[in-house]
Participant: 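Let me begin by handing over the structure; questions about it come next.
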Amino acid sequence: MACVSFAKLNAPSSTWIGGQQSFSPRSGSSTRLATRRVSLPIRAGAYTDELIKTAKTIASPGRGILAIDESNATCGKRLSSIGLDNTEPNRQAYRQLLLTTPGLGEYISGAILFEETLYQSTTDGKKFVDVLHDQKIVPGIKVDKGLVPLPGSNNESWCQGLDGLSSRSAEYYKQGARFAKWRTVVSIPCGPSALAVKEAAWGLARYAAISQDNGLVPIVEPEILLDGDHPIERTLEVAEKVWAEVFYYLAENNVIFEGILLKPSMVTPGAEHKEKASPETIAKYTLTMLKRRIPPAVPGIMFLSGGQSEVEATLNLHAMNQSPNPWHVSFSYARALQNTVLKTWQGRPENVEAAQKALLVRAKANSLAQLGKYSAEGESEEAKKGMFVKGYTY
């Protein structure tokens with residue numbers, strides 16, 4: 001659906017980021033603070049120590065997250081690309097291939113699962129959660145219920161799933177999950193409107209607080225989509241606004257910063273911009289944004305790939321780790337770890353070993369990038385192919 005024009009945006013809920021009025025609802029707050037007593041709650045929940053330990057475990061040197069939490073519909077699209085039907089046995093077979101890869105835990109510290117996968121077992125009857133534990137990989141779970149249109153916005157969306165989240169999170173914890181993921185998105189071509197940014201930030205904050213209350217480390221993910229022809233400077237501007245709003249509401253909801261992980265987009269030009277940015281430029285802009293907005297109390301920043309090619313995502317991560325950072329700067333990739341794996345497998349049992357080796361190649365490459373020691377020499381042409389899909393849904 002096409003975005004509405006600037007001329008139509010008159011209502012406060014549709015104010016565009018970039019002007020003075022975008023975040024005016026909190027203007028005057030400093031005056032109010034000066035005239036009333038400020039309460040500073042100390043939040044010490046039953047899971048605080050465990051949350052901090054889990055977050056540090058996932059944010060360990062040379063390791064990152066394997067995201068295999070695609071919905072059944074999205075997983076079906078991946079399977080159809082190699083001629084397989086979207087059935088539970090086929091989804092199970094593919095995820096078994098990934099999770100049983102020998103040596104995966106050397107490079108992967110956490111795996112985000114879809115609900116179906118969290119409760120599944122291998123064909124030999126071993127729970128996937130136990131397979132991960134054996135490799136010292138922390139099981140995680142996607143808890144949001146997807147994106148729906150946001151009324152009153154500029155054809156933007158909001159993420160649903162807060163209803164019943166507490167009880168679902170408690171059940172996921174019992175099943176073995178120790179961290180959670182909630183993905184919402186922000187679209188630059190559609191504004192973004194102040195309403196959409198506030199809704200994204202508030203939803204993430206409520207989810208994060210609920211997750212921590214149930215023992216799950218929340219991954220905070222406001223994905224700024226690659227869609228658009230805007231320059232990198234515009235992405236930086238929007239990213240700074242979004243993350244400022246996110247951390248305001250995280251604090252309002254008494255979220256423990258030491259017990260969260262972030263999954264941001266890299267600061268890049270829009271996918272349709274006429275000029276591509278180098279890894280060094282992307283690293284410079286991304287680290288600038290992070291240093292301006294992200295407290296050092298946060299243990300780990302696990303970047304999403306967002307449709308970049310496998311090699312692009314790895315090169316950009318490598319460039320960001322050429323000097324020390326206040327946080328563990330790593331990866332939480334789905335397509336950028338799986339693309340070559342899927343094409344190698346082709347749904348054939350005789351290709352499982354080769355596909356697992358392909359996964360280890362990509363996992364090791366990103367492990368080296370996290371350590372700042374990666375070289376793109378010898379990378380395949382397949383790994384260099386971009387995977388951007390306009391209007392991508394997860």
Side-chain angles (χ1 to χ4, degrees), residues 58-67 101 103-112 137 219 221 223-224 226 232 235-236 239 261-271 273 275-294 296 298-341 357-388:
I58 296 171
S60 56
R63 299 207 296 169
I65 294 173
L66 170 63
T101 297
L104 187 63
E106 184 176 351
Y107 313 115
I108 300 297
S109 56
I112 312 172
I137 298 173
I219 290 183
E221 182 184 358
E223 179 177 354
I224 298 171
L226 282 176
I232 195 169
T235 308
L236 175 63
L261 296 167
L262 307 187
K263 186 170 179 176
S265 311
M266 297 178 190
V267 178
T268 69
H273 187 61
E275 295 180 10
K276 290 193 69 174
S278 67
E280 293 73 22
T281 299
I282 290 170
K284 175 185 175 182
Y285 277 83
T286 303
L287 291 174
T288 294
M289 183 276 293
L290 294 176
K291 289 172 182 176
R292 289 173 177 174
R293 292 294 181 265
I294 310 304
V298 174
I301 296 173
M302 324 298 283
F303 281 101
L304 59 90
S305 55
Q308 300 176 73
S309 75
E310 291 176 333
V311 171
E312 281 177 329
T314 308
L315 281 170
N316 292 337
L317 179 63
H318 169 76
M320 281 184 267
N321 281 296
Q322 293 309 295
S323 58
N325 291 303
W327 339 262
H328 175 78
V329 175
S330 192
F331 60 93
S332 177
Y333 294 163
R335 286 174 286 173
L337 283 172
Q338 297 180 51
N339 187 52
T340 300
V341 177
K357 287 180 179 178
L359 176 58
L360 284 181
V361 166
R362 291 265 43 92
K364 182 179 180 179
N366 285 291
S367 170
L368 291 170
Q370 197 288 311
L371 298 170
K373 299 177 180 179
Y374 168 73
S375 170
E377 185 177 351
E379 288 280 19
S380 69
E381 290 304 311
E382 184 63 42
K384 297 176 183 177
K385 293 180 181 178
M387 293 176 281
F388 169 72

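Side-chain atoms are counted along with the backbone in the values below, which use heavy atoms only and exclude waters and symmetry mates.
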Participant: Within the side chain of Glu310, is there an N or O that forms a donor-acceptor pair under 3.5 Å with the backbone of Arg362?
Facilitator: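 Here the side-chain-to-backbone pair does not exist.
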Participant: Any idea which heavy atoms bring Ala336 and Ala313 closest together, and the distance?
Facilitator: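 Minimum heavy-atom separation between Ala336 and Ala313: CB-CB, 4.0 Å.
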Participant: How far apart are the closest heavy atoms of Met320 and Asn325, and which atoms are they?
Facilitator: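 Distance-wise, the nearest heavy atoms are O-ND2, 2.9 Å.
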Participant: I need the His328 NE2 to Asn321 CG distance, nearest 0.5 Å.
Facilitator: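 With rounding to 0.5 Å, NE2 (His328) is 8.0 Å from CG (Asn321).
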Participant: List the atom of Ile232, the atom of Thr268, and the distance in Å for their closest heavy-atom pair.
Facilitator: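 The answer is CG1-C, 3.8 Å.
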Participant: Return the OG1 to NZ distance between Thr286 and Lys284, rounded to the nearest 0.5 Å.
Facilitator: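 If I round to the nearest 0.5 Å, the distance is 12.0 Å.
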Participant: How long is the span from the CD1 atom in Ile108 to the CG atom in Asn366, to the nearest 0.5 Å?
Facilitator: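 It is 7.5 Å, given to the nearest 0.5 Å.
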Participant: Hey, mind stepping through Lys291 and Trp327 against side chain to side chain contact (heavy atoms under 4.5 Å, CB included) and telling me if it holds?
Facilitator: CA-CA 10 Å; Lys291 289 172 182 176; Trp327 339 262; 3.9 Å; yes
Participant: Without swapping roles, check the side chain of Ser332 against the backbone of Met302 for a donor-acceptor pair under 3.5 Å.
Facilitator: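 It does not hold such a pair.
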Participant: For Leu66 and Leu104, which heavy atoms make the closest approach, and how far apart are they?
Facilitator: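 The pair with the smallest heavy-atom distance is CD2-CD2, 4.2 Å.
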Participant: State, to 0.1 Å, how close Pro279 and Ala319 come at their nearest heavy-atom pair, and which atoms those are.
Facilitator: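 Of all heavy-atom pairs spanning Pro279 and Ala319, the closest is O-CB, 3.5 Å.
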Participant: Say you draw a straight line from CG of Leu226 to OG of Ser305; how long is it, rounded to the nearest 0.5 Å?
Facilitator: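 Result: 9.0 Å between the selected atoms.
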Participant: So, for Phe331 and Tyr107, which heavy atoms are closest and what is the spacing to 0.1 Å?
Facilitator: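 In terms of heavy atoms, the two residues are closest at CZ-O, 3.8 Å.
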Participant: With rounding to the nearest 0.5 Å, note down the distance linking CD in Glu221 to CD1 in Ile112.
Facilitator: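 Glu221 CD to Ile112 CD1: 7.5 Å, rounded to 0.5 Å.
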